[in-house]
Q: 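Have a look at this one before I ask anything.
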Amino acid sequence: MASKLAKPSLLRTVTQRNYAAQAAAAASQPSSYTLAKHEPKVTTLPSGAVVASLENNSPVSRVGLLFKAGSRYESAKNLGVSHMLRSTVGLATDNMSSFAVIRTIQQGGGSLSAESGREHIVYSLDFNRDNLDAGLEVLSSVGTQPTFKPWEVQDNLQRINTDLALRDPSTITMELLHAAAFRNTGLGNSLFVPPHHLGKISSDMLKNFMASTHLAGRMAVVGLGVDHDALFKYASSLVGAGGEGVAGPAAYGGGELRHETGAAVTLVAVAGASASLGSKESVALAVAQQILGVGPGTKYGSNASSVLANAVASSGGLGAASSININYSDAGLFGYFVMADSASVEKVVRGVHGVVQNLKATDADVKQAKNRVKAAILMASESGAEFLTDMGLQALLTGKFVSPAEAAAAVDAVTPADVDSALQKVMGGKLSMSVVGSTSEVPYVDQL
Amino acid sequence: MAAVTKSVGFMAQLTSSVKRFVFRASGFNQMGLYHDDCLYETSDVKEALRRIPQNTRDDRNFRMQRALHLSLTKSILPKDQWIPFEEDREKGRYLQPYLEEVIMERKEKEEWNKK
């Protein structure tokens, strides 16, 4: 083919390829790229829905669709409907069969999940950024227009039964603590279907619950690794009816609930009314929680820096203790959780209670605890899924987003006096208690 | 079906009378059965039967028990209890909406599996 090489046309194209010029250009380009760093953005739609996003340049996009539709919005008639709702995610919707939902997600290399708490339900989607549109279509279909075909809902009961069977005693203890603390108001409702409603929650009940909770004004759309404008457009396209929907009133009442199982390990949770999400007291209590201790920071560690762990050790009983700090949009619980050998549970509970009651935070304690709170906040933001849920809950419940760095900075302002006064307020009020295990050995709240 | 009885065109009348003839000749109405009681229980039909409401399923089982008993005693229902053509058209296709959905879902699966 040598003769052809000599042809002028080919020679011309060779010169036009400009290999030499391209090599020179490549050399002058930077050898590494720094992607632009973005700040979180929050916008509110006219309907009241909050859209929050952070572009983190990740190849995987995460989008969360949240509604105020947790167990606190249930009534006595439909107790457990929020559990059914989170468990039926992925079943047929008005425009997709259950099979299509699953296959579309699989085909796009994504994952779709639903999680619900006492206040919210979050439908979250992880998807390849390149095919995100296909995933978002499924997400809105699943989150806003499920059909609840009676036979599919019926078949789903097996999953509910598994959920119920997999609850460990500590979950049940926390459920009972909420029921004792908030009595018959919304936050006292269990996250799980009560046994007398098992199999009795019909598709109509699910539809009614959806209609009264999945409204435009009770929605938040959050994204990680997505363009804010695109997410805003997506959120606007999610047509939702207006209106207030059901209110889930919560009032701290206090009380005691005991569940006898005769187990060799007894679990006790004691808590008082505490601060709501985002309040100044909630920060002080977060510090107090770290002073008391939340379990060992090193694997197989003795948890020596935890006040509660020391209290258990000096009580002479066998057990472990950690502190509880839960904040809801308008209420909260703060206290301690004890897990002890049934024979010595009384000693442990009395020891721990005395320590929490009489805690005086020192400067050194507070300084150490502040570092731990900051570390906890920042470490939680390392995981995309956790970050998304956190951003979603903030957007849903407070309408804004405080970035982990800002939240960590807010911790600095806490003083030992703040911690003491917050703690006194909680422990000085009426306490609630729940016990699961061998209840006969556990003192009642008024005996502590 | 109002559309069947009210249509006046020649072809419509012809199809209607052919339908009536076939209905009468098949004779399942004399055993008190509906059209959808006589379907072969393919996997699609079985799935559709699983989805119908309990009372519909109970009615179906009753009609089948009655037909089995008639078959056992080698008799048919008294003529006044035979199911008329119109009733069969109206109520006898109780399984069809469910069956259509099952078939659609199966076709969707087959379509996906081709990819």
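Just so you know, these numbers come straight off a predicted model, no measurement behind them. Letters A, B, ... mirror the listed sequences (proteins, then strands); counts begin at 1. All values below come from the heavy atoms of this structure, side chains included, with hydrogens, waters and symmetry mates left out.
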Q: Does some side-chain heavy atom of B:W112 sit less than 4.5 Å from a side-chain heavy atom of A:T104?
A: yes

Q: Do NZ/NE/NH1/NH2 and the carboxylate oxygens of A:E152 and B:R51 come within less than 4.0 Å?
A: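 The answer is no: the pair does not qualify as a salt bridge.
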
Q: Check each atom of A:Q154 against the heavy atoms of chain B and say whether the ones under 4.5 Å are side chain, backbone, both or neither.
A: neither

Q: Looking at every heavy atom in both B:E108 and A:F99, which two are closest together, and how far apart are they?
A: O-CE2, 4.3 Å

Q: Counting heavy atoms not belonging to B:Q54, are there more than 12 under 6.0 Å from its CD?
A: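 Check passes, neighbour count above 12.
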
Q: How about B:K109 and A:R103: do any of their side-chain heavy atoms sit closer than 4.5 Å?
A: no

Q: Could you tell me which portion of A:A92 (side chain, backbone, both or neither) has an atom closer than 4.5 angstrom to a non-hydrogen atom of chain B?
A: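 Neither part, no heavy atoms under 4.5 Å.
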
Q: For the CD atom on B:E87, are there more than 12 heavy atoms of other groups (residues, nucleotides or ligands in this structure) within a distance under 6.0 Å?
A: yes

Q: Other residues, nucleotides and ligands only: do more than 12 of their heavy atoms fall within 6.0 Å of NZ on A:K207?
A: yes

